[in-house]
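Note that the structure is a prediction, hence the values are computed from the model and not measured. In what follows, chains carry the letters A, B, and so on, assigned in the order in which the sequence lines appear, proteins first and then strands, with residues in each chain numbered from 1.
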There are 2 protein chains.
Amino acid sequence: MAKRAGYHHGDLKATLVAGALELIAERGVASLSVAEVARRAHVSGGAPYRHFPSRQALLTAVATKAAHTLADRLREVSTGAGPDPVENMATVVAAYARFTAEHGAGFDLIFAVELSGRGNEELADAGRTVMDALLQAALPVTGDAKAALGLIGRTFAAAHGYATLWRSGLYINRNSTVDDVTSEAAAIARTLAGSVQTPLPRTRS
Amino acid sequence: MAKRAGYHHGDLKATLVAGALELIAERGVASLSVAEVARRAHVSGGAPYRHFPSRQALLTAVATKAAHTLADRLREVSTGAGPDPVENMATVVAAYARFTAEHGAGFDLIFAVELSGRGNEELADAGRTVMDALLQAALPVTGDAKAALGLIGRTFAAAHGYATLWRSGLYINRNSTVDDVTSEAAAIARTLAGSVQTPLPRTRS
DNA sequence: GTCTATAGAGCGATAGAC
DNA sequence: GTCTATCGCTCTATAGAC
């Protein structure tokens with residue numbers, strides 16, 4: 001393993017983004033440093049600045065990548081879940097919980113960076129892609145766009161809370177795994193989605 | 001306003017803890033620095049180390065203080081809520097959401113620091129005080145300790161998620177306030193507590 | 001108990017060699 | 001496009017004067 005001498009990369013930019021995502025998964029967004037990402041990629045501390053003008057720019061790229069990955073996964077599980085709208089919603093919420101628990105970041109990374117990093121169209125697009133996937137899961141449950149947004153807010157807040165609290169070690173005594181987080185999130189979503197579906201505005205009978 | 005010359009304090013220790021709490025409310029736990037806390041209290045950078053041996057120790061003191069404040073507030077709202085167990089639970093959950101949204105930290109600060117900072121009995125006690133308040137609110141709903149823990153996990157995860165997502169700016173477009181976060185958390189708690197109460201193991205009819 | 005001063009470390013970002 | 005080297009900053013923690 002050569003040490004920092006004449007090292008060559010096929011695609012350092014992508015390597016840096018991937019490495020940053022890993023690092024966030026290990027230590028959280030706040031403590032992510034460009035220097036550490038560079039070290040992980042076996043390049044010098046200055047190298048990343050040929051690809052990203054600032055730490056913020058790197059973070060934006062990471063958020064964009066995360067958004068695409070998340071949107072893909074949500075769409076994946078959504079098509080695979082049966083015809084029951086509530087069960088489908090639960091599956092999508094569970095997938096978000098798993099993603100956030102595994103990556104140590106979710107909506108907070110994807111949407112909050114969007115706010116501070118001004119004028120990045122790529123990230124905004126990626127965020128919209130995620131939002132589309134959410135609406136596609138929630139709309140069949142509520143039948144109404146406004147209600148769907150409310151349901152999304154409730155269920156994904158719960159999933160996010162579960163994932164982050166689990167990450168911060170809260171359930172460590174109960175030996176809970178990421179699978180437990182996922183299934184708990186699904187259970188909450190089932191209850192919340194079920195309770196909103198009860199009025200059933202779309203049934204004809 | 002004299003600048004760092006012969007400054008005297010009645011109780012610097014308490015001032016530091018209070019200042020640290022404020023700072024966490026503004027910028028989050030991760031970026032809390034002893035240096036900044038000292039600056040806020042108008043003392044030198046070394047002064048805090050006469051009261052706390054390390055940043056970790058300061059953080060532990062802050063978490064302990066936060067736990068006591070939270071436990072007090074939860075007990076307060078709990079006694080004031082009517083006889084309906086579900087409504088009482090919703091009120092307590094809402095109070096937690098408000099606390100976390102306002103302070104930028106909740107269970108994550110109180111219980112996670114407890115894990116890393118080894119052997120601090122004061123913080124552990126404070127944590128137990130909080131947990132007692134939660135159980136006292138949840139037990140009348142479920143009638144069963146195990147089910148109460150489950151309900152606590154679900155409702156407070158949701159409240160925590162709402163508060164932290166709100167904090168990260170997610171609902172900024174909807175012009176939502178901390179009051180909205182509070183009432184949304186209450187609504188979720190009502191639904192979740194109501195759905196677990198349905199079997200009603202304690203009714204006699 | 002608070003001050004000044006400082007050691008030692010990590011980070012963001014830039015400059016110039018290759 | 002990557003390297004080496006460096007500036008300037010902030011932070012944690014300690015030492016010694018008062």
**Q.** Side-chain ion pair, A:R39 and A:E36, N-O less than 4.0 Å
**A.**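 Here A:R39 pairs with A:E36 in a salt bridge, since their nearest N and O are under 4.0 Å apart.
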[X], nearest nucleotide to its side chain (from [options]):
{"X": "A:A35", "options": "C:dC11, C:dT2, D:dA13", "value": "C:dC11"}
{"X": "A:V43", "options": "D:dC11, D:dC3, C:dG12", "value": "D:dC3"}
{"X": "B:Y49", "options": "C:dT2, C:dT14, D:dA13", "value": "D:dA13"}
{"X": "B:R55", "options": "D:dT12, C:dT2, D:dC11", "value": "D:dT12"}
{"X": "B:R39", "options": "D:dC3, C:dT4, D:dC11", "value": "D:dC11"}

Q.
Using the rule given for side chain to side chain contact (heavy atoms under 4.5 Å, CB included), can you reason through A:D132 versus A:R75, listing the C-alpha separation, both sets of side-chain angles and the distance that settles it, and then say yes or no?
A. CA-CA 10 Å; A:D132 281 351; A:R75 272 194 295 260; 5.8 Å; no
Q.
Could you work out how much the helix from C:dG1-D:dC18 to C:dC18-D:dG1 bends, comparing the axis of its first five pairs with that of its last five, to 10°?
A.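 Here the helix ends are tilted 10° relative to one another.
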Just to confirm, is there a sub-4.0 Å distance from OP1 or OP2 of [N] to any side-chain nitrogen or oxygen of [X]?
{"X": "A:S33", "N": "C:dC11", "answer": "yes"}
{"X": "B:H51", "N": "C:dT2", "answer": "yes"}
{"X": "A:R50", "N": "C:dT14", "answer": "no"}

Roughly how many Å is it from [atom1] in [X] to [atom2] in [N], rounded to a whole number?
{"X": "A:L59", "N": "C:dC11", "atom1": "CG", "atom2": "P", "result": "15 Å"}
{"X": "B:D11", "N": "C:dT2", "atom1": "CG", "atom2": "P", "result": "9 Å"}
{"X": "B:L58", "N": "D:dT12", "atom1": "CG", "atom2": "P", "result": "9 Å"}
{"X": "B:F52", "N": "C:dG1", "atom1": "CZ", "atom2": "P", "result": "13 Å"}
{"X": "B:R27", "N": "D:dT10", "atom1": "CZ", "atom2": "P", "result": "12 Å"}
{"X": "A:Q56", "N": "C:dA13", "atom1": "CD", "atom2": "C1'", "result": "15 Å"}

Q) Which comes earlier along DNA chain C counting from the 5' end, the contact point of A:P53 or that of A:E36, where each point is its nearest nucleotide? A)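 Here A:E36 is the residue nearer the 5' end.
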Q) Within a radius of less than 6.0 Å around CD of B:Q136, do more than 12 heavy atoms belonging to other residues, nucleotides or ligands occur? A)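 It does not: B:Q136 CD has 12 such atoms or fewer within range.
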Q. Under the ring pair (Phe, Tyr, Trp, His ring centres under 6.0 Å) test, which residues partner B:F156, sequence neighbours left out?
A.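 For B:F156 the ring pair (Phe, Tyr, Trp, His ring centres under 6.0 Å) partners, ignoring immediate neighbours, are B:Y96, B:F107.
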Q. After noting the C-alpha distance and the side-chain angles of A:V29 and A:L59, does the key distance pass the side chain to side chain contact (heavy atoms under 4.5 Å, CB included) rule?
A. CA-CA 9 Å; A:V29 188; A:L59 215 59; 4.3 Å; yes
Q: Flag the pair A:Y49 / A:V34 as yes when at least one side-chain heavy-atom distance between them is below 4.5 Å, and no otherwise.
A: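 A:Y49 reaches A:V34 side chain to side chain.
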Q) Can you check whether B:T69's main-chain N or O pairs, donor with acceptor, with B:D72's side chain at less than 3.5 Å? A)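 Not a single qualifying donor-acceptor pair exists.
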